[in-house]
> 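The structure follows.
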Amino acid sequence: MVTDDPPRRGAPTIPLATTASLDDDVALLTELEPEAGRLYDRHLGVAQEWFPHDYIPYRLGRDFDKEPWTPDQPRLTGVAQVSFEIGLLTEDNLPSYHRLIHGMFGKGDGAWMNWVGRWTAEEGRHAIVLRDYLTVTRNLDPVALERARMTQLQQGYDHDAPSTLRGLAYVAFQELATRISHRNTGRYSQDPVADRIMIRIAADENLHMVFYRDILGAALKIQPSRAVQAIVDEVLAFEMPGAGIPGFLRKAATIAKAGIYDLRIHRDEVLMPILKHWRIFELTGLDPAAEEARRRLADHLDKLDRAAKRFEEKLALTGDGTRLARSG
Ligand SMILES: [Fe+2]
Ligand SMILES: [Fe+2]
């Protein structure tokens, strides 16, 4: 889309939290604070320092004023280009994610704020390294990319998470989804430079997932029924953070057909491993509402399985395009 017009937004969609739910959230964050501190320290112990410039083949760079970008320059296939574009525009929206995460955890104390700062700083590297790679290698039109970034950031991103528990559930699933889609984008690219970048970013996303998964694991011990309901609500409503990108549905379908991120991956490699880690279907002593939520979750997982099978059968019939082999 080529436009300088800022996107027009409707009324805010985030429901206002009630005082009662705000109090619940503050109490929960306070109770979880020692565990957040422990997980933050663990994160610092395993996270490796890395530098985006170490990953970029600057020797390939040429001035754009002397040699403008043309569509014959990219070495990546069209599908890989789409996947990199979605990946970068999603990472670009960091200011919105920071606002949301600060809104969720900013009511907590020390360790929560340390995490918010650290997480944001680490995420910032992802867009830097992706944009530098795509610009130096001329694998995407830098003008179209910058215009898309402008549109994306002016539109922003909101997530309908009325509670800390729902927010934590969302980010746990989302970090793992992003880890896998980045990793598979690198594999699909067949460019060793891109693959190395995506392995590096995916390792960050994995550590982010582990923090959120484990802090919600701790919350499940404190408020099991509320946490189960929040997890189920998030699984049922899950949407990738890039869903607001213009043409997202069409682009997501391309990425799914290529086997970079599809329903099968979403169910088997994102939802199931985290749900199993939390032992959601083994928890006892839940209240009736949480039991009912768990039944809805089981139905939903069955439905996803059937939809993934239908998608695979359809692909086998049409057999169009190159599909990435599953990582196993
Ligand atoms: Fe990221
Ligand atoms: Fe992340």
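In listed order, ligands and their atoms are each counted from 1. Residues take their numbers from the sequence shown, with the count starting at 1.
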> Taking the Fe ion (ligand 1) as the center, what protein N, O or S atoms are found at less than 2.8 Å?
Glu91 OE1, Glu91 OE2, Glu123 OE1, His126 ND1, Glu205 OE2
> Could you tell me whether Arg295 and Glu291 make a salt bridge, using a distance below 4.0 angstrom between a side-chain N and a carboxylate O?
no
> Could you work out the complete set of other residues in the hydrophobic cluster of Leu153, with links drawn between I, L, V, M, F, W and Y side chains under 4.5 Å apart?
none
> Tell me who clusters with Leu134, hydrophobic residues only, linked when side chains sit under 4.5 Å apart either directly or through other members.
Trp50, Tyr55, Ile56, Tyr58, Leu60, Leu76, Phe84, Leu88, Val129, Leu130, Tyr133, Val136, Leu140, Leu145, Val193, Ile197, Met198, Ile201
> Could you list all the ring pair (Phe, Tyr, Trp, His ring centres under 6.0 Å) pairs where at least one residue sits in residues 295-317, not counting sequence neighbours?
none
> Got a sec: does the CZ of Arg264 have more than 12 other heavy atoms crowding it under 6.0 Å?
yes
> Assess, by modelled atom type and distance only, whether the side chains of His159 and Gln174 contain a donor and an acceptor separated by less than 3.5 Å.
no
